[in-house]
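Below you'll find the structure, written out as structure tokens, and then a few comments.
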Protein chains: 2
Amino acid sequence: MNIGDVATRSGLPAKTIRYYEDIGLIKPRRSDNGYRCFVESDLHKLAFLGRARALGFTIEDCRTLMALYEDESRASSDVKALAEEHLAKITGKIADLQAMHDTLSELVTCCAGDERPDCPILQDLSRQISRTPD
Amino acid sequence: MNIGDVATRSGLPAKTIRYYEDIGLIKPRRSDNGYRCFVESDLHKLAFLGRARALGFTIEDCRTLMALYEDESRASSDVKALAEEHLAKITGKIADLQAMHDTLSELVTCCAGDERPDCPILQDLSRQISRTPD
DNA sequence: TATTGACCTTCCTCTGACTGGAACCTCCAT
DNA sequence: ATGGAGGTTCCAGTCAGAGGAAGGTCAATA
């Protein structure tokens with residue numbers, strides 16, 4: 001298989017696949033003409049990577065996950081620990097975004113959104129900061 | 001005020017303040033010794049930027065918000081539109097993260113997390129992808 | 001006066017995970 | 001012979017700074 005076929009079947013852009021080879025996540029063979037020559041196991045790895053990335057794992061996490069996947073003697077606790085750590089990060093991000101959302105949506109609700117300049121959004125952003133006491 | 005004072009009072013790192021000058025968000029004067037010389041209005045702008053960034057607005061959004069803030073004849077609808085656009089992006093990100101969270105937390109729940117290699121997380125990541133039909 | 005240490009300056013590189021583009025090569029069909 | 005669709009490498013850019021090196025400045029102290 002050439003890279004185009006693998007891109008189609010894995011759903012990953014060819015650029016991304018080349019990048020994954022660059023950073024050592026996959027090691028496809030080469031044909032005599034220099035083209036990358038993918039076999040089913042390469043495709044399988046790429047699909048694995050694609051799904052792990054879709055779950056928000058970093059590339060380094062993916063590297064670890066692949067290593068665990070290929071290690072027949074792994075302990076599932078190692079996988080679970082990695083996933084839980086990642087889950088905690090996701091939870092944190094959601095909380096951050098939710099806080100932004102809440103603040104912003106309240107400001108948006110308060111803003112008339114008409115042709116006048118008065119705007120609670122700008123007012124909030126420009127709140128006076130505490131001065132140093134004289 | 002030197003940059004250290006402004007950093008303390010605005011809560012922004014000095015590096016960030018220099019960067020904001022670099023990209024033209026602020027234009028502090030210089031003292032004879034070459035030091036940046038900040039006045040209250042610079043501090044006010046930095047606080048504005050800090051809050052806008054804390055709400056997740058991009059730097060370019062911040063640039064626009066500052067321009068609107070300084071434009072006495074702005075229409076609040078312009079501010080509101082920008083905020084609503086940003087709010088929609090936040091909402092989208094939350095949904096994406098929530099989907100990851102849901103999937104991942106289910107997988108984590110299903111994983112025994114012991115010394116055995118069997119792991120539903122890895123199983124899910126390595127699901128066979130559909131083959132091209134023969 | 002010399003020196004210390006805190007503070008300031010610019011400049012350069014690095015981050016993550018790609019994406020876009022240029023310049024060039026290869027294959028297959030016409 | 002040519003055209004177009006694929007493939008290749010390499011370089012630069014993204015975003016919003018962070019980290020660090022090399023050096024200048026200032027105020028206080030010995």
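To find a chain, count down the sequence lines: A is the first, B the second, and so on, and within it residues start at 1.
- Every residue two or more places apart in sequence or in another chain was checked for a side-chain hydrogen bond (donor to acceptor under 3.5 Å, both in side chains) with A/Glu85, and none qualifies.
- For the side chain to side chain contact (heavy atoms under 4.5 Å, CB included) test, residues two or more places apart in sequence or in another chain that qualify with B/Gln98 are A/Ile94, B/His101, B/Asp102.
- Of the residues in residues 61-69 of chain A, not one comes within less than 4.0 Å of DNA chain D through any heavy atom.
- When all heavy atoms are compared, the tightest approach of B/Leu65 to B/Ala52 is CD1-CB, 4.3 Å.
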Restricting to nitrogen or oxygen on both sides, can you table the protein-nucleotides 26-28 of chain D pairs closer than 3.5 Å?
unit_1: D/dC26; atom_1: OP1; unit_2: B/Asn33; atom_2: ND2; d: 3.1

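- A/Arg63 is linked by a side-chain hydrogen bond (donor to acceptor under 3.5 Å, both in side chains) to A/Glu60, counting only residues two or more places apart in sequence or in another chain.
- The pair B/Lys27-B/Glu21 does not meet the salt-bridge criterion, since no charged nitrogen lies less than 4.0 angstrom from a carboxylate oxygen.
- Across the interface with DNA chain D, nearest-nucleotide mapping of A/Gly4 and B/Phe57 shows A/Gly4 to be the residue nearer the 5′ end.
- Considering only heavy atoms from C-beta on, A/Arg36 comes within 4.5 Å of A/Arg18 through its side chain.
- Under the salt bridge (Lys or Arg N to Asp or Glu O under 4.0 Å) criterion, A/Glu72 pairs with no residue, sequence neighbours left out.
- Within residues 14-26 of chain A, the residues having any heavy atom closer than 4.0 Å to DNA chain C are, in order of number, A/Lys15, A/Thr16, A/Tyr19, A/Tyr20.
- Both B/Met1 and B/Tyr19 are assigned to one and the same hydrophobic cluster, defined by single-linkage of ILVMFWY side chains at heavy-atom distances under 4.5 Å.
- Applying the ring-ring contact (aromatic ring centres under 6.0 Å, His included) test to A/Phe48 and every residue at least two apart in sequence or in another chain returns A/Tyr69.
- Listed by chain and number, the residues in a side-chain hydrogen bond (donor to acceptor under 3.5 Å, both in side chains) with B/Asp114 are A/Ser76, B/Arg116 (sequence neighbours excluded).
- Ion pairing between a basic and an acidic side chain is recognised when a charged N comes within 4.0 Å of a carboxylate O; B/Lys89 and B/Glu84 show no such pairing.
- Taking the salt bridge (Lys or Arg N to Asp or Glu O under 4.0 Å) definition, one finds that B/Asp78 meets it with nothing, sequence neighbours left out.
- Open room surrounds CZ on A/Arg29; 12 or fewer heavy atoms of other groups in view lie less than 6.0 Å from it.
- Comparing A/Cys37 and B/Glu60 by the nucleotide of DNA chain D whose heavy atom lies nearest to each, the residue mapping closer to the 5' end is A/Cys37.
- Using a 4.0 Å cutoff to heavy atoms of chain A, the contacted part of DNA chain C runs 5' to 3' from C/dA17 to C/dC27.
- A salt bridge links A/Glu70 with A/Lys45; the closest basic N to acidic carboxylate O contact falls under 4.0 Å.
- Five base pairs at each end of the helix from C/dT1-D/dA30 to C/dT30-D/dA1 define two local axes, and these are offset by 40° (rounded to 10°).
- Residues A/Cys37 and A/Arg30 have side chains not in contact (no heavy-atom distance under 4.5 Å, counting atoms from C-beta outward).
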